[in-house]
Amino acid sequence: MATSVEKEIEKLRAEIRYHEHRYYVLDDPEISDYEFDQLMRKLQDLEREHPELVTPDSPTQRVGGKPAEQFSKVRHQVPMMSLDNTYSVEELRDFDRRVRELSGRSRVEYVAELKLDGLSMSLIYEKGVLARGVTRGNGVEGEDVTANVKTIGSVPLRIDGRKLQVIGHPERFEVRGEVIMPLKMFERLNAQREAAGEPKFANPRNAAAGTIRQLDPKMVAQRKLDMFHYYLLVGGDVPLKEHWKTLEALAEMGFKVNPHRRLCASFDELLEFVQEWETKRNELEYETDGVVVKVNDTRLWEELGNTAKSPRWAIAYKYPAHQATTVVKDIRAQVGRTGTLTPVADLNPVNVGGVTVSHATLHNMDEIARLGLRIGDTVLLQRAGEVIPQVVKVVKRAPDGREFHMPKRCPVCGGDVFRAEGEVAYRCVNAACPARLKESLLHFAARHAMGIDGLGEALVDQLVDRGIVKDAADLYALTQDQLAALERMGKKSAANLISEIEKSKKVDLARVIFAVGIPFVGERTAQLLAEHFGSFDRLAEASEEELEQVHEIGPKTAQGIAEFFAEERNRKLIEKLRAAGVRMEQEKAAKKGPQPLAGKQFVLTGTLPHHSREEASQMIEEAGGRVVGSVSKKTDYVVVGAEPGSKLEKARALGVKTIDEDELLKLLK
Ligand code: IVH
């Protein structure tokens, strides 16, 4: 007999599943994000009180568990084939002819679907519950990435029993489809990577593939992947007689199926679909590089059979990479959300595969140098898959071509432009630059920064575009009425946000330092700065030399910090935050004990007899010492336990003093 708690939990889960489906699959939510979060929180609370009732298919379990060490290999029940490709309508016609000849039919129905540019994925459901997600791998054997796949909102964790009726309630079935990264997420991810000095992903497909192979599901969850489903197998067979019916059944079961599909009664209808999407695909929020054509009658699939690698009942028609040449009229710097100045080419408008192009990104100064590009040159443009055209090369040099130089001042706000040594990107240092403002507000509100829950992208856009918020400090002047008047905000969500903002005034100094977005100052550096300087004022006054004296802070970071505080507007922002009541001082120094190890650097290696690594680190840090990961000349002591690693050898090679646990305990006294 189910207890009332069990019933309540089940009811909540069903409700959440319903809303997940509305939001992630149908793209048509019925309730606000806030209301959804409330449901989720309620379920989390109940599950925390009754951990014995947590099941792996609970909506709370989308992001769970520890990072994986590695992925295990799984053999596919039915190999995952790839598709034959063609770029020509003639070959598409040949395909139709071949299908008709082989099947002995004069006319064949086709299903046209978009070819989604991501990576294929196999989902195994057992008793209606998602049991496993496996990558395509080499087609025969893939990798088990279940924990990562569960973070994808459009992948159902369980299918309602009633909905399995269409396919006869099998114990086990398999659904295949394509995991993609929406363009918006892709751009955001690359902007973040650029800001962090990490290499950018070349296209959304690589970004999606890289993400699904992340070992930490929490990272995957942040990247907001999506999945479209197009294939169903029961007992290794295709259960329905028509592929079109399979797509409908999948949608009925709660899977996200791409809406842009057509059942074509003739080759001409197929061609129409292909031509229609050649330009329409540019308006989608994700990338497609062609159309997949499949024979609708699945009984014909077996008859037609496969070649070594691909089925004879399907073909991928790929849109050609579009190219055109035009003149670069000018090059200017565009300020992105992270303050990075990106050189953009203004072009003589030109038609590239049905789209008029008048700008192209040049990425950075290195790229301009690589192309040898000057203003006035004629260039070859290409738009393949991606929306933004690339400059492939200079085809004709202008005799009077002008070189482009990065401006010394930000073209949007006039703030100083700064390029750190060893970095490719130039940045505007002004935190109040409108182009930067949106991203900096999102960063400011983020969980590990001020932790203002509910301040999302849609809201930030409205606040900035309407001129309500001009810097992060303005958030503290927002009123409930102001917020309630915005789109997609109710009274309740407004009140909630106000209380979140109020609450954020009390976060630790380290989080405030992290939140204001000083170049190169991540969470850990912010913590070190807060501990070292104890207040925003002292940090702001520190010279580069003083900053470099803080352990772990190098010249690049020190310069970034100094330049940040040299900017008048940034100083004003700090003043406004202070006036708003945000904490600007370290909370009274935690009652510190004696600091016998002040200034000493330690490295731990091997297993200590009486203390775990964490305990040892904590003791050292409480005594004023620091524990770092690798041995260098700066290391004062290497603490050696049983079965030490290569760190011991390195210590010996560098002549660093080695001690055991006993000796460490003596030092601590
Ligand atoms: S059907 C046996 N449908 O394209 C055929 N594939 O080049 C199974 N793809 O590996 C694939 N969109 O990753 C199919 N609507 C679609 C697709 C699609 C993208 C990918 C898939 C496949 C690759 C083949």
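Computed from a prediction, not measured in an experiment: that's the story for all the values here.
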Inset, instruction - Show your working on side-chain hydrogen bond (donor to acceptor under 3.5 Å, both in side chains) between E546 and S543 and close with a plain yes or no. - result: CA-CA 5 Å; E546 281 172 84; S543 66; 3.3 Å; yes
Legend entry - E500/K503 salt bridge by N-O under 4.0 Å criterion: yes
Legend entry - Main-chain N/O of D474 paired to D471 side chain as donor or acceptor, under 3.5 Å: yes
Legend entry - Within 6.0 angstrom of R419 CZ, more than 12 heavy atoms from elsewhere: yes
Inset, instruction - May I ask you to test the Y637-I620 pair for a side-chain heavy-atom distance under 4.5 Å? - result: no
Inset, instruction - Quick one: list whatever passes ring-ring contact (aromatic ring centres under 6.0 Å, His included) with H443, sequence neighbours left out. - result: F514
Inset, instruction - Calculate, to the nearest 0.5 Å, the distance between atoms CD1 and NZ belonging to I659 and K666 respectively. - result: 10.0 Å
Inset, instruction - Give a yes or no on whether the backbone of R205 and the side-chain of D117 come within a donor-acceptor separation of less than 3.5 Å. - result: no
Inset, instruction - Might you point out which heavy atoms bring A530 and Q586 nearest each other, and give the distance in Å? - result: O-NE2, 3.6 Å
Inset, instruction - Would you check if the side chain of D636 reaches a backbone N or O of Q601 as a donor-acceptor pair within less than 3.5 Å? - result: yes
Legend entry - Sub-4.5 Å side-chain heavy-atom contact between K150 and V155: no
Inset, instruction - State, yes or no, whether a side-chain contact exists between F444 and L475 at a heavy-atom distance under 4.5 Å. - result: yes
Inset, instruction - Please answer whether the main-chain N or O of E615 pairs with a side-chain N or O of S612 as donor and acceptor at a distance below 3.5 Å. - result: yes
Legend entry - Heavy-atom check, side chain of L183 versus side chain of P204, under 4.5 Å: yes
Legend entry - Side-chain heavy atoms of L547 within contact of F533, under 4.5 Å: yes
Legend entry - Side-chain H-bond candidate by donor/acceptor type, Q618 with E622, under 3.5 Å: yes
Inset, instruction - Measure the CD-CD distance between E545 and E548 for me, rounded to the nearest 0.5 Å. - result: 7.0 Å
Inset, instruction - Identify the heavy atoms of L459 and G454 that sit nearest to each other, and give their distance. - result: CD2-O, 3.7 Å
Legend entry - Residues R370 and E367 bridged, charged N to O under 4.0 Å: yes
Legend entry - Positive for side chain to side chain donor-acceptor pair (under 3.5 Å) with D416, one of R409, R427, K408: R409
Legend entry - Within 6.0 Å of CD in E69, more than 12 heavy atoms from elsewhere: no
Inset, instruction - May I ask you to decide whether R578 forms a salt bridge with D537, counting only side-chain N to carboxylate O separations under 4.0 Å? - result: yes
Legend entry - Gap between atom CD of E541 and atom CZ of F536 - 0.5 Å precision: 12.5 Å
Legend entry - Check: V220 and V145 side chains under 4.5 Å, non-hydrogen atoms: no
Legend entry - Nearest-0.5 Å distance that lies between atom CG in L119 and atom CE in M227: 8.5 Å
Inset, instruction - Check the side chains of T55 and D57 for a donor-acceptor pair under 3.5 angstrom, ignoring hydrogens and angles. - result: yes
Inset, instruction - State, yes or no, whether a side-chain contact exists between L539 and I561 at a heavy-atom distance under 4.5 Å. - result: yes
Inset, instruction - Indicate the atoms forming the closest heavy-atom contact of A651 with T658, along with that distance. - result: CB-CG2, 4.0 Å
Legend entry - Nearest atoms (heavy-atom pairs only) where S617 meets L604: OG-CD1, 3.5 Å
Inset, instruction - State whether the side chain of R75 and the backbone N or O of V140 hold a donor-acceptor pair below 3.5 Å, judged by distance alone. - result: no
Legend entry - Minimum-distance pair of heavy atoms, taken over all atoms of C410 and V335: SG-CG2, 3.7 Å
Inset, instruction - Indicate yes or no: at least one non-hydrogen side-chain atom of M365 is less than 4.5 angstrom from one of F404. - result: yes
Legend entry - Gap between atom CG of N190 and atom CE of M181 - 0.5 Å precision: 9.0 Å
Inset, instruction - Give a yes or no on whether a salt bridge exists between E621 and R626, defined as a side-chain N under 4.0 angstrom from a carboxylate O. - result: no
Legend entry - Charged N-O contact under 4.0 Å between D45 and K42: no
Legend entry - L608 and its side chain to side chain contact (heavy atoms under 4.5 Å, CB included) partner, picked from V640, D660, V639: V639
Inset, instruction - Give the minimum heavy-atom separation between S632 and V656, together with the two atoms involved. - result: O-CG2, 3.7 Å
Legend entry - From K505 atom NZ to I452 atom CD1, the distance as rounded to the nearest 0.5 Å: 10.5 Å
